[in-house]
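Taking it in order: structure first as structure tokens, then the write-up.
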Amino acid sequence: MDTDRGGGKFTGRRAAPLHGWAVTPREALAIQRGLAPKIVVAPPVGSLRTVAGLDVSVGRFEKTCRAGAVLLEIDTLRVLARVRVTRPVPFPYVPGLLSFREIPVLLDALAGLPSVPDVLVVDGQGYAHPRRFGLACHLGLWCGIPSIGVAKSILCGVHGPLGPARGSVAPLVHGGETVGVALRTRAGVKPVYVSVGHRFDLDSAVSLVLRLAVLRRGSGQARFRLVEPVRQAHALVSTRGT
DNA sequence: GCGACAG
DNA sequence: ATCTTGTCGC
């Protein structure tokens, strides 16, 4: 029943928004429980040509935050557009409720892109969440766009050791369920944690992440641990000024 | 009750 | 997330 297009042109075109954003932590928890069943875990439909990397940064004592959305062509990893917005911080940081802090401002950045991305990549968890509704799930569902989460550390779950080579994986398990994977994007360095957001399956997410982790010219070694869209978004919001 | 805890 | 310089290594 989700008409797709979720919250609208990213924010409000839907006749009835899924929910408001001015909520208390308690209400946020209830919203997550109610929306988690709506997440679709399946291979992405159609071809994936463009990807948007998203990130948010908040100053130590500032009351505002910056959100960035960078659109790239998946094949070439060339940047097609960059959008950065500054907004009041809408919600405190509470482990497990990150989406209520970042999505309101990310939506404004996404709305500034010249076209709708085929897939969204966020800096954080998706399904690998206590209630299976991390930032990537929430954003993907709201926008009606396929999404995945690529986190730098674990929120919940455990995993066994993984090989030292790029591409090595180990399932991330929580509550007896595989909620994501620890993936080595670069030989010898700490893995990233990949999980499904919305309208994506774990295998497709892993292969996409490997495609987005820039390789060094020549040998098939990775240049960076993090995927390019998220690196670009991070660079965009981590500098201050105009 | 205690410790953990995306960004 | 943010506070922060130099330094070791490919």
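A note on names: the letters A, B, ... follow the listed sequences, proteins ahead of strands, and every chain is numbered from 1.
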Specify whether H159(A) and Y193(A) have parallel, tilted or perpendicular ring planes, treating 30° as the upper limit for parallel and 60° as the lower limit for perpendicular.
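Taking Y193(A) first and then H159(A), their aromatic rings sit tilted (interplane angle of 30° to 60°).
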By the 4.0 Å heavy-atom rule, please label L54(A) as base, sugar-phosphate, or nothing.
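Since no nucleic acid heavy atom lies under 4.0 Å of L54(A), the category is nothing.
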Heavy atoms under 4.0 Å, any strand shown: does G149(A) hit a base, just sugar-phosphate, or nothing?
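Touches nothing.
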For dG7(B), does either OP1 or OP2 sit under 4.0 Å from a side-chain N or O belonging to S153(A)?
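It does, given that an N or O in the side chain of S153(A) lies less than 4.0 Å from OP1 or OP2 of dG7(B).
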Please confirm whether the shortest side-chain N or O distance from K152(A) to OP1 or OP2 of dG7(B) is below 4.0 Å.
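Yes, such a contact exists.
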[X] [atom1] - [N] [atom2] separation (whole Å):
{"X": "L135(A)", "N": "dC5(B)", "atom1": "CG", "atom2": "C1'", "value": "16 Å"}
{"X": "L155(A)", "N": "dA4(B)", "atom1": "CG", "atom2": "C1'", "value": "9 Å"}
{"X": "F61(A)", "N": "dA1(C)", "atom1": "CZ", "atom2": "P", "value": "17 Å"}
{"X": "L97(A)", "N": "dA4(B)", "atom1": "CG", "atom2": "P", "value": "20 Å"}
{"X": "R186(A)", "N": "dG9(C)", "atom1": "CZ", "atom2": "P", "value": "15 Å"}
{"X": "Q221(A)", "N": "dC10(C)", "atom1": "CD", "atom2": "P", "value": "13 Å"}
{"X": "Q32(A)", "N": "dA6(B)", "atom1": "CD", "atom2": "C1'", "value": "12 Å"}
{"X": "Q125(A)", "N": "dA4(B)", "atom1": "CD", "atom2": "C1'", "value": "14 Å"}

Test side chain to side chain contact (heavy atoms under 4.5 Å, CB included) on R225(A) and K152(A) and set out the steps.
CA-CA 9 Å; R225(A) 175 168 81 117; K152(A) 300 183 293 299; 3.6 Å; yes
Does R132(A) qualify as a cation-pi partner of Y127(A), given the criterion of NZ or CZ under 6.0 Å from the six-membered ring centre and within 45 degrees of its axis?
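Yes, R132(A) and Y127(A) form such a contact.
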Axial cation check for F224(A) ring with R186(A), 6.0 Å and 45° limits
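So R186(A) doesn't make the cation-pi contact.
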Starting at the 5' end of DNA chain C, which residue's closest nucleotide do you reach first, R216(A) or D55(A)?
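Between the two, 5'-proximity favours D55(A).
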If you check every side-chain atom of R60(A), which of dA6(B), dG7(B), dC3(C) has the closest atom?
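In terms of side-chain proximity for R60(A), the closest of dA6(B), dG7(B), dC3(C) is dC3(C).
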Minimum heavy-atom separation for A109(A) to G68(A), with atom names?
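Closest approach of A109(A) to G68(A): CB-C, 4.3 Å.
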So, do Y93(A) and dG7(B) meet the stacking rule of ring centres under 5.5 Å and planes under 30°?
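According to the criterion (under 5.5 Å, under 30°), yes, Y93(A) stacks.
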Mind running salt bridge (Lys or Arg N to Asp or Glu O under 4.0 Å) on R49(A) and D75(A) for me, showing each step along the way?
CA-CA 7 Å; R49(A) 191 181 82 78; D75(A) 281 348; over 6 Å; no
Mind checking which stems touch DNA chain C? I mean at least 3 consecutive Watson-Crick or G-U pairs, both distances under 3.5 Å.
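Stems (3+ consecutive pairs): none listed.
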Without swapping roles, check the side chain of D118(A) against the backbone of T50(A) for a donor-acceptor pair under 3.5 Å.
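Present.
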